[in-house]
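Just below is one structure, and these are the notes that go with it.
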Amino acid sequence: EMSGKREARHALILDILGNRQMTASEITEALLARGVIRYYDRNFVAPRLTELKQIGAVTTVGKRLCPRTGRNVAVWAKKEA
């Protein structure tokens, strides 16, 4: 059931973020380190961040150079409740 899976991923991502500011890649690395995902897959995280932004749960707080891609990427944080 897709929506349940999506909600679970939203919760995971929010849990990983905590009170930190992280890029999609950093969140992906953290999920990998926790054993939530078995290989590096940014697509596990990036679309969920977009959804979380749409529902007002997270926001972008700036840009940071991603060591993995060498690109400036969005830095995400939980929106203050």
Side-chain angles (χ1 to χ4, degrees):
E1 193 249 316
M2 196 50 220
S3 65
K5 196 178 272 187
R6 187 177 295 155
E7 302 282 319
R9 285 190 189 185
H10 287 174
L12 264 174
I13 289 167
L14 291 171
D15 184 49
I16 294 269
L17 262 175
N19 54 14
R20 296 182 288 177
Q21 299 183 348
M22 301 173 79
T23 66
S25 285
E26 288 164 349
I27 295 166
T28 306
E29 298 278 6
L31 289 168
L32 194 58
R34 274 195 194 186
V36 174
I37 52 179
R38 288 197 294 277
Y39 58 93
Y40 181 89
D41 179 12
R42 196 178 164 281
N43 287 327
F44 186 93
V45 172
R48 304 294 81 84
L49 283 168
T50 304
E51 291 160 3
L52 286 164
K53 186 175 187 175
Q54 285 164 351
I55 61 173
V58 300
T59 187
T60 50
V61 292
K63 295 247 178 201
R64 176 151 71 221
L65 194 66
C66 174
R68 195 176 264 272
T69 63
R71 291 199 190 124
N72 261 323
V73 295
V75 177
W76 299 85
K78 274 200 239 181
K79 237 178 175 171
E80 294 305 312

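Values reported hereafter were calculated over all heavy atoms of this structure, with side chains retained and with hydrogens, waters and symmetry mates removed.
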From CA spacing to verdict: side chain to side chain contact (heavy atoms under 4.5 Å, CB included), T60, K53: CA-CA 8 Å; T60 50; K53 186 175 187 175; 3.6 Å; yes

Taking atom [atom1] of [X] and atom [atom2] of [Y], what is their separation to the nearest 0.5 Å?
| X | Y | atom1 | atom2 | value |
| --- | --- | --- | --- | --- |
| W76 | T23 | CH2 | OG1 | 11.0 Å |
| E51 | H10 | CD | NE2 | 4.0 Å |
| R48 | N43 | CZ | CG | 9.5 Å |
| K79 | L52 | NZ | CG | 11.5 Å |
| F44 | L12 | CZ | CG | 6.0 Å |

Heavy atoms, side chains only, cut-off 4.5 Å: are [X] and [Y] in contact?
| X | Y | value |
| --- | --- | --- |
| L65 | R71 | no |
| V75 | K63 | no |
| I16 | M22 | yes |

So which atom in [X] and which in [Y] form the shortest heavy-atom distance, rounded to 0.1 Å?
| X | Y | answer |
| --- | --- | --- |
| V73 | C66 | CG2-CB, 3.8 Å |
| L32 | I37 | CD1-O, 3.4 Å |
| A77 | V61 | CB-CG1, 3.8 Å |

Hphob cluster co-occupancy, I13 + Y39, side-chain heavy atoms under 4.5 angstrom: no

Co-membership, hydrophobic cluster, residues L49 and V36, 4.5 Å side-chain: yes

In plain terms, say whether [X] and [Y] are close enough for a salt bridge, that is, a side-chain N and a carboxylate O under 4.0 Å apart.
| X | Y | value |
| --- | --- | --- |
| E26 | R64 | yes |
| R34 | D15 | yes |
| E29 | R68 | yes |

